[in-house]
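Each remark here refers to the structure printed beneath this line.
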Amino acid sequence: REENGRTVVQKRIAGWGLGWGGWKAALPPGIATEVIVTDREKGLPELLAKRFPQLRHQHCEWHLCHTLNHLLYLDGVKLAERKVLKAELGKIVWGKTITDRKERYAALCGQLACYPKAHTMLVDAMQNVLFDVPSRERTTSVIEREMREINRRSDVGVRWSERGIDNLLRLRAAKRINKDDFERVWSAV
């Protein structure tokens, strides 16, 4: 929707989990959403494909570029070359033209074949990155902001329990993201 002359994306909490229960418990059946953006968590793609076959699962495009940089470092690539390769992936992923993105991505994968960690990550991520129509929400920045707030509150010598942090996150999310959906977000506590 438009708000004050700017496009606003409606964000919904699809599931919730913090430190326990696994993805099956965190993502209850009946999620009504079109896209879930994640940071390539293990086990999640299989669950989403099985439980929500109509759902589009995409990887956070910001994290993809930064993960590439880290894996190239582990593969022994020097900083100057890592910067060039990371920038190239950014141009492909965030590029305006959709027509040649898949070919350029495949070419980059081929170029990185001699770097096993980086190459494997890019090949594995391909199906969850390049879509013909990009979604409006392409990063995990919404929840990242919330996590920074929790870190700010809990890194001051306070000993928060996982349950306490979970409760605080649910309250903040319900207040900021899903004001009209407080009961569903909070009900699991």
Side-chain angles (χ1 to χ4, degrees), residues 9 11 14-27 31 33-152 155 162 169:
V9 177
K11 299 164 186 85
W16 198 277
L18 178 71
W20 64 83
W23 285 116
K24 208 168 191 176
L27 292 170
I31 291 174
T33 189
E34 297 169 8
V35 176
I36 288 189
V37 182
T38 68
D39 293 345
R40 298 177 36 253
E41 289 85 354
K42 292 187 185 304
L44 186 55
E46 295 82 13
L47 176 69
L48 291 175
K50 187 170 147 184
R51 196 181 273 182
F52 312 104
Q54 78 292 350
L55 189 85
R56 176 166 149 183
H57 175 218
Q58 70 185 47
H59 294 310
C60 173
E61 294 172 0
W62 184 88
H63 279 97
L64 190 70
C65 294
H66 288 276
T67 301
L68 175 66
N69 182 54
H70 177 68
L71 294 175
L72 287 168
Y73 167 77
L74 294 176
D75 283 331
V77 178
K78 301 285 184 213
L79 178 61
E81 188 179 353
R82 287 197 326 257
K83 284 183 177 182
V84 170
L85 293 168
K86 179 181 165 187
E88 177 61 25
L89 178 60
K91 289 176 197 169
I92 295 167
V93 173
W94 293 96
K96 300 277 187 222
T97 58
I98 293 173
T99 54
D100 67 339
R101 291 185 335 149
K102 290 180 182 177
E103 292 81 16
R104 290 172 55 207
Y105 191 95
L108 181 62
C109 287
Q111 183 181 349
L112 297 178
C114 58
Y115 304 121
K117 290 176 176 45
H119 179 261
T120 300
M121 184 274 297
L122 280 182
V123 170
D124 290 349
M126 188 181 304
Q127 71 178 11
N128 299 97
V129 176
L130 302 175
F131 297 95
D132 291 336
V133 179
S135 66
R136 289 186 182 229
E137 199 62 50
R138 296 167 68 181
T139 71
T140 56
S141 60
V142 172
I143 199 67
E144 300 281 342
R145 282 191 292 274
E146 294 302 318
M147 293 310 297
R148 276 194 298 278
E149 178 63 20
I150 294 303
N151 287 340
R152 186 185 68 77
D155 286 347
E162 280 189 357
L169 272 170

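For this chain, numbers begin at 1 and follow the sequence in order.
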Nearest heavy atoms of [X] and [Y], plus distance in Å:
X	Y	answer
Arg101	Phe131	NH2-O, 3.2 Å
Ala118	Leu72	CB-CD2, 3.6 Å
Trp94	Trp62	CZ2-N, 3.9 Å
Glu88	Leu108	CG-CD1, 4.2 Å
Leu130	Tyr105	CD1-CB, 3.4 Å

Just verifying a value: how many Å separate [X] [atom1] and [Y] [atom2], rounded to the nearest 0.5 Å?
X	Y	atom1	atom2	value
Asp39	Thr67	CG	OG1	7.5 Å
Leu64	Lys86	CG	NZ	11.0 Å
Leu68	Tyr73	CG	OH	15.0 Å
Cys60	Asn128	SG	CG	12.5 Å

Taking Asp75 for its side chain and Lys117 for its backbone only, find out whether a donor-acceptor pair lies under 3.5 Å.
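Looks like yes, one N/O pair under 3.5 Å.
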Could I get the full list of ring pair (Phe, Tyr, Trp, His ring centres under 6.0 Å) partners for His57, not counting sequence neighbours?
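Partners of His57 by the ring pair (Phe, Tyr, Trp, His ring centres under 6.0 Å) criterion, ordered by chain and then number, come out as His59.
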Could you check whether any side-chain heavy atom of [X] comes within less than 4.5 Å of a side-chain heavy atom of [Y], counting everything from C-beta outward?
X	Y	value
Glu81	Tyr115	yes
Leu89	Leu85	no
Thr38	Ile36	yes
Arg104	Lys91	yes

Pairing residues for Val35 by the side-chain contact (heavy atoms from CB on, under 4.5 Å) criterion, not counting sequence neighbours
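Counting only residues at least two positions away or on another chain, Val35 forms a side-chain contact (heavy atoms from CB on, under 4.5 Å) with Val37, Arg56, Gln58, Ser135.
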With Leu71, which of His66, Met121, Arg82, His119 fulfils side-chain contact (heavy atoms from CB on, under 4.5 Å)?
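The option that passes is Met121.
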